[in-house]
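Scroll down for the structure; my scribbles are underneath it.
What you see is a predicted model; the values in this text were computed from it and never measured. Below, chain A is the first sequence line, B the second, and so on; all start at residue 1.
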2 protein chains.
Amino acid sequence: MQSRSGAPTLEAVAKRAGVSRATVSRVVNGSPKVTPDVLASVRQAIEELGYVPNRAARSLASRRTQAIALVVPEDTAKVFDEPYFAQIVQGVATHLATTDYALSLLISSAGSTEKTRRYLLGGNVDGAVVVSHHKDDPLLEGVAGTLPLVFGGRPFEPVPPHTHYVDADNVGGARAAVEHLVKLGRRRIATIAGPADMTAGQDRLRGWEEALVAAGLQADLAERGDFSPASGAKAMRALLATGAPIDGVFAANDQMALGAYAVLAEHDLRIPEDVAIVGFDDDRAASTALPPLTSVAQPSSEMGAEMARLLIQLIDGKGSVPEATVMPTELHVRASSAAQLKLSA
Amino acid sequence: MQSRSGAPTLEAVAKRAGVSRATVSRVVNGSPKVTPDVLASVRQAIEELGYVPNRAARSLASRRTQAIALVVPEDTAKVFDEPYFAQIVQGVATHLATTDYALSLLISSAGSTEKTRRYLLGGNVDGAVVVSHHKDDPLLEGVAGTLPLVFGGRPFEPVPPHTHYVDADNVGGARAAVEHLVKLGRRRIATIAGPADMTAGQDRLRGWEEALVAAGLQADLAERGDFSPASGAKAMRALLATGAPIDGVFAANDQMALGAYAVLAEHDLRIPEDVAIVGFDDDRAASTALPPLTSVAQPSSEMGAEMARLLIQLIDGKGSVPEATVMPTELHVRASSAAQLKLSA
DNA sequence: TTGTATGCGTTATCAC
DNA sequence: GTGATAACGCATACAA
């Protein structure tokens with residue numbers, strides 16, 4: 001009885017309630033122009049029959065799909081390893097659960113961009129949230145401008161007009177992290193930066209620099225990594241190899257910070273006594289590390305929810321939607337950063 | 001031109017190719033009964049127009065949605081923190097990308113189970129992959145038996161007939177972990193077990209027990225956690241409080257193992273010299289821990305892919321589908337486990 | 001406010 | 001092999 005073949009239709013409800021299909025449709029779609037008693041009887045019929053509107057039919061007739069796509073690139077090993085992405089997905093999905101939009105998850109591998117484009121352009125969704133698109137990504141050619149889009153993370157310059165995105169305050173977060181180290185008395189603060197081809201990497205590097213300049217300190221100790229633990233270790237090694245008396249490190253993410261942990265241990269440098277460290281993302285790994293890692297937390301799942309919310313606003317065309325939404329970060333102080341011991345050297 | 005309103009239809013293709021809609025439909029659906037030249041001209045017309053079939057219309061007419069749902073419970077904070085779930089999602093999505101099924105991600109919160117059921121029963125999808133369903137979950141009442149389903153993880157007993165699921169070899173993995181500790185010379189091997197209401201927790205505990213019994217060792221040192229680091233720490237504390245001379249620990253997941261790290265440090269117990277530890281899942285955190293954590297890896301994303309594959313087989317009704325699919329685990333040995341130093345005591 | 005009629009883009013059932 | 005034509009289940013002008 002519940003099977004697809006036997007599912008009750010709008011017509012069945014209409015018959016049972018003694019009204020026309022149009023009226024039932026109005027009730028289902030919450031039209032205000034329905035007499036209370038009619039509304040009641042229709043609702044009852046719906047209830048009794050366990051009627052559920054057929055999405056395909058509705059979509060076909062209304063030319064709206066009531067679905068949005070979430071597009072993530074397939075560097076998925078990388079992608080889903082980052083709790084950040086998983087949380088974005090979670091935020092989007094959870095928000096959508098409160099609406100009647102369905103979520104279609106698209107993994108776009110390098111080879112399937114054409115397929116993804118067709119999907120997006122084929123009228124399968126009313127809009128899309130695009131997470132971590134690459135520089136010069138061909139994926140969105142033709143899509144932007146045709147389909148409402150919201151990006152996760154600031155896109156690369158030049159940002160096309162009317163590009164909507166949600167991002168964390170990477171610059172501010174990085175600045176706060178470094179200011180924290182400065183207040184602790186650290187003076188030679190290095191950074192393990194993120195990749196140059198990701199705006200998050202660029203912005204966190206900038207925050208580090210701004211804070212040092214503002215404090216009248218030198219901003220010359222920087223090495224780039226690719227957000228992986230191994231790259232963090234490599235960068236730390238390079239920094240130590242310069243021979244500079246480093247007493248503080250700001251890593252652009254926690255994974256690289258943890259990679260640095262191992263290298264510092266090899267060099268018999270204690271955390272935080274000799275070198276204080278601050279990471280970014282507030283990974284789960286940050287709190288279980290020894291010592292627990294101070295980190296800049298970004299509200300990933302809230303960001304996902306916000307992207308979904310904005311996209312729906314865009315789709316509904318109600319009011320104006322801000323093009324840039326920057327969410328605040330929060331410094332979580334743990335044992336990896338502490339005031340410097342005044343042991344002199 | 002590419003916008004939803006102006007998308008080329010089947011009819012447009014038919015007109016341009018000088019054939020009927022029916023023929024175009026046959027071409028699109030790969031029917032064998034189409035003359036080569038007709039086929040060619042239709043294909044060309046499709047190409048030239050950039051035609052993409054409308055999913056809703058197709059679904060309405062064919063009574064198939066070409067979409068499957070991925071249902072995850074909303075303990076999402078917990079859920080998406082576990083890389084395991086993120087990887088399952090990734091595996092399912094990636095496999096689906098190679099088919100022409102779309103993926104609909106459903107987060108089922110406690111309050112929305114009814115909504116989720118309606119979605120599943122409303123003919124929106126052809127089947128569903130259900131991850132981490134709870135014991136006595138009301139979600140699936142009526143769904144099972146109506147819609148093809150594949151579970152992630154062994155469901156609780158009694159397993160209803162014809163329940164398909166994919167799981168890791170939790171018992172075998174745990175056994176391997178403990179056998180490894182035994183080979184290392186450890187004799188008092190405790191376990192930090194998972195929750196009793198999750199089959200993974202049950203199975204890993206059983207593996208621990210089996211291995212100890214097989215080795216002629218006592219299996220009496222067990223404490224349960226809930227897979228969180230804090231619970232792991234608590235369990236470790238409780239184990240140490242027994243006063244037993246523990247020299248090995250098998251934790252049912254890496255997070256709890258890392259929680260135990262901190263407690264062992266507090267007690268001045270060295271890893272692996274005094275206590276060797278093995279975890280489960282092979283989290284990213286396992287390799288960056290100090291010392292790196294030996295862990296049992298399960299092929300999470302492959303499991304996701306397998307679930308999708310089985311589900312599609314089930315939907316297509318081709319051949320018989322195995323009800324239980326158990327994927328092998330692999331022990332990744334790292335520094336947290338090593339041969340016991342023969343320093344005597 | 002409610003009902004009638006038509007169309008949404010495909011698939012599927014027929015004849016041809 | 002190919003082409004009409006009737007569903008598919010719902011939304012929506014339009015009429016009442």
Side-chain angles (χ1 to χ4, degrees), chain A residues 3-43 45-46 49-67 100 118 121-124 126, chain B residues 2-43 45-46 49-67 100 102 118 121-124 126:
Chain A
S3 82
R4 278 173 288 167
S5 50
T9 71
L10 207 169
E11 170 142 34
V13 176
K15 199 166 297 176
R16 190 180 235 282
V19 300
S20 73
R21 290 180 303 174
T23 299
V24 176
S25 178
R26 294 191 185 97
V27 171
V28 170
N29 294 298
S31 161
K33 11 184 67 182
V34 178
T35 321
D37 18 325
V38 178
L39 196 161
S41 65
V42 171
R43 280 200 173 141
I46 288 179
L49 265 45
Y51 168 72
V52 177
N54 178 302
R55 206 175 198 99
R58 176 185 283 202
S59 159
L60 186 57
S62 67
R63 296 161 138 299
R64 312 184 64 216
T65 64
Q66 286 297 94
D100 55 347
R118 302 222 137 184
L121 260 24
N124 294 299
D126 296 333
Chain B
Q2 292 280 31
S3 81
R4 278 173 289 166
S5 48
T9 73
L10 206 169
E11 171 142 33
V13 175
K15 199 166 297 177
R16 189 179 235 280
V19 299
S20 74
R21 291 178 301 173
T23 299
V24 177
S25 179
R26 291 191 187 97
V27 171
V28 170
N29 294 297
S31 163
K33 11 184 65 182
V34 178
T35 320
D37 19 324
V38 178
L39 196 160
S41 65
V42 170
R43 279 198 173 144
I46 287 180
L49 266 45
Y51 168 72
V52 177
N54 178 303
R55 206 177 198 99
R58 176 184 283 199
S59 160
L60 184 58
S62 67
R63 295 163 142 297
R64 312 184 65 216
T65 65
Q66 286 296 95
D100 56 345
R118 302 223 136 183
L121 260 25
N124 295 298
D126 295 333

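No donor-acceptor pair under 3.5 Å is formed between the side chain of Ser25(B) and the backbone N or O of Arg21(B). Using modelled atom types, one side-chain atom of Thr65(A) and one backbone atom of Asp126(A) make a donor-acceptor pair closer than 3.5 Å.
Between its two ends, the helix from dT1(C)-dA16(D) to dC16(C)-dG1(D) turns its axis by 30°, counting five pairs per end and rounding to 10 degrees.
Side-chain nitrogen and oxygen atoms of Ser25(A) include none within less than 4.0 Å of the OP1 or OP2 phosphate oxygen of dC10(D). One finds no side-chain N or O of Ser62(B) lying less than 4.0 angstrom from the OP1 or OP2 phosphate oxygen of dC8(D). Between dG9(D) and Arg63(B), a contact under 4.0 Å exists linking OP1 or OP2 to a side-chain N or O. At dG3(C), one or more side-chain N or O atoms of Thr23(A) fall inside 4.0 Å of OP1 or OP2 (strictly under the cut-off). Listed pair Thr35(A) / dT2(C) meets the phosphate criterion, a side-chain N or O lying under 4.0 Å from OP1 or OP2. For dG3(C), the OP1/OP2 oxygens have a side-chain nitrogen or oxygen of Ser20(A) closer than 4.0 Å.
Nucleotide dG9(D) holds its P atom 17 Å from the CG atom of Asn29(A), rounded to whole Å. For the pair Leu10(A) CG and dT12(D) C1', the computed distance is 13 Å after rounding to whole Å. Taking atom CG of Asn124(A) as the reference point, atom P of dG9(C) lies 14 Å away to the nearest angstrom. One can place CZ of Arg21(A) at 15 Å from C1' of dC14(D), the figure rounded to the nearest angstrom. To the nearest angstrom, P of dT10(C) lies 13 Å from NZ of Lys15(B). Atom CD in Glu11(A) sits about 13 Å away from atom C1' in dT4(C), given to the nearest Å.
As judged by a 4.0 angstrom heavy-atom cut-off over every strand, Val24(A) is placed among residues making no nucleic acid contact. Val28(A) comes within contact range of no nucleotide atom at all, as no heavy-atom separation falls under 4.0 Å.
With distances taken from any side-chain atom of Ala22(B) to the nucleotides dG3(D), dG7(C), dT11(C), the minimum falls on dG3(D). Of the candidate nucleotides dG9(D), dC14(D), dT10(C), dG9(D) has the atom lying nearest to any side-chain atom of Thr9(A). Looking at the side chain of Lys33(A), the nearest of the listed nucleotides dG9(D), dT10(C), dT1(C) is dT1(C).
Between Ser59(A) atom OG and Leu60(B) atom CG the span is 9.5 Å, to the nearest 0.5 Å. Between the CZ atom in Arg58(A) and the CG atom in Asp100(A) there is a gap of 7.0 Å [rounded to 0.5 Å].
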Below 3.5 Å, can you tabulate the donor-acceptor pairs from side chains in residues 10-18 of chain A to any protein atom, sequence neighbours excluded?
residue  : atom : partner  : partner atom : Å
Arg16(A) : NH1  : Glu48(A) : OE1          : 2.2

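In plain terms, the two heavy atoms of Lys33(A) and Arg26(A) that are nearest each other are O-CD, 4.4 Å.
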Full working for side chain to side chain contact (heavy atoms under 4.5 Å, CB included) between Val27(A) and Val38(A) | CA-CA 9 Å; Val27(A) 171; Val38(A) 178; 5.6 Å; no

Evaluate side chain to side chain contact (heavy atoms under 4.5 Å, CB included) for Val52(B) paired with Leu121(A), printing each intermediate quantity in order.
-> CA-CA 8 Å; Val52(B) 177; Leu121(A) 260 24; over 6 Å; no

Side chain to side chain contact (heavy atoms under 4.5 Å, CB included) between Asn54(A) and Thr9(A), worked out = CA-CA 8 Å; Asn54(A) 178 302; Thr9(A) 71; over 6 Å; no

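Contact check of residues 52-60 of chain A against DNA chain C (heavy atom, cut-off under 4.0 Å) returns Leu60(A).
Of the two residues near DNA chain D, Arg26(B) and Ala61(B), the one whose nearest nucleotide lies more 5' is Arg26(B).
The environment of Arg43(B) atom CZ is sparse: at most 12 non-hydrogen atoms of other residues, nucleotides or ligands sit within 6.0 angstrom.
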